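As the structure is a computational prediction, the values presented were derived from the model and not from experiment.
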Amino acid sequence: MAEIPIRSFGVAVVVLREVGAETQVLLLRRNHTLVGEWCQIAGGIEDGEKAWQTALREVKEETGLSCTRLYSADICEQFYEADRDAITLAPVFVGIVDATAEVVLNEEHSEFCWTSFSSAVDMVPFAGQRHVLRHVEAEFVQRQPVKHLLLFEMSH
């Protein structure tokens, strides 16, 4: 019996900021793969990196932002890749950034927007992304995240 491989080589990061009473989500418009689509931050794990370290690095590389806190979102994004005939699982992280921090995009993206969760859910192309966004809103905005999910906190 043939099997479909399950691959896990990258991470996804939902970046949040608090502006007044509203929590906003950062979405980036892609330039290379999925051209023109709005997505959260994603990237591949490098040799010797832990997945959470990849999350911090990718946020910095793709947006110039530094997370003040990073959490495990306690969920994986999963999707089938027809070209590889494989299922990809990517751990999802939640990065909190300073509301006044300036986004500086790298060449992977053409534009960015800070938006509400309801708008973000309408903007992303895939059901898996919408599922992740709804989960993050429920577990990190509508309630305090479980302290055990905190992976990194910037020292002051």
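Here C67 contributes atom SG and R17 contributes atom CZ; the two are 14.0 Å apart, rounded to the nearest 0.5 Å. Once rounded to the nearest 0.5 Å, the distance linking CD of E58 with CG of N106 reads 8.5 Å. Note: I96 CD1 to L70 CG = 8.5 Å, rounded to the nearest 0.5 Å.
The stretch residues 57-99 participates, sequence neighbours left out, in these ring pair (Phe, Tyr, Trp, His ring centres under 6.0 Å) pairs: Y71-F140. Within the structure, the salt bridge (Lys or Arg N to Asp or Glu O under 4.0 Å) test picks out no pair touching residues 89-102 (sequence neighbours left out). Residues in residues 19-62 take part in no ring pair (Phe, Tyr, Trp, His ring centres under 6.0 Å) pair, two or more places apart or across chains. Pairs passing the side chain to side chain donor-acceptor pair (under 3.5 Å) check and including a residue from residues 124-137, sequence neighbours excluded, read Q40-Q129. Within the structure, the salt bridge (Lys or Arg N to Asp or Glu O under 4.0 Å) test picks out no pair touching residues 65-79 (sequence neighbours left out).
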Give the table of side-chain donor-acceptor pairs shorter than 3.5 Å for residues 3-16, with sequence neighbours excluded, one pair per line with atom names and distance.
| residue | atom | partner | partner atom | Å |
| --- | --- | --- | --- | --- |
| R7 | NH1 | E81 | OE1 | 2.9 |
| S8 | OG | L89 | O | 2.9 |

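Side-chain contact between M123 and C113 is present, with at least one heavy-atom pair separated by less than 4.5 Å. Between E108 and N31, every side-chain heavy-atom pair lies at or beyond the 4.5 Å cut-off. S66 places a side-chain heavy atom less than 4.5 Å from the side chain of M154. In this structure the side chain of L133 reaches within 4.5 angstrom of the side chain of V124, judged on heavy atoms. Between L150 and E153 the shortest side-chain heavy-atom distance falls below 4.5 Å. Between F117 and V141 there is a side-chain heavy-atom pair separated by less than 4.5 Å.
Residues satisfying the salt bridge (charged side-chain N to carboxylate O under 4.0 Å, His left out) test with R29, not counting sequence neighbours, are E111. Residues that satisfy the salt bridge (charged side-chain N to carboxylate O under 4.0 Å, His left out) test with E139, not counting sequence neighbours, are R143. Among residues two or more places apart in sequence or in another chain, the salt bridge (charged side-chain N to carboxylate O under 4.0 Å, His left out) test is passed with E46 by R57. The salt bridge (charged side-chain N to carboxylate O under 4.0 Å, His left out) check on E22 picks up nothing, with sequence neighbours excluded. Listed by chain and number, the residues in a side chain to side chain donor-acceptor pair (under 3.5 Å) with K50 amount to none (sequence neighbours excluded).
Note on L28: it clusters hydrophobically with V59, by side-chain heavy-atom contacts below 4.5 Å among ILVMFWY residues.
Among all heavy-atom pairs drawn from R30 and C39, the shortest one is CD-SG, 3.4 Å.
Side-chain contacts under 4.5 Å among hydrophobic residues (ILVMFWY), followed directly or transitively, place M1 with no other residue at all.
Remark: the T54 side chain and the E49 side chain contain an N/O donor-acceptor pair separated by less than 3.5 Å.
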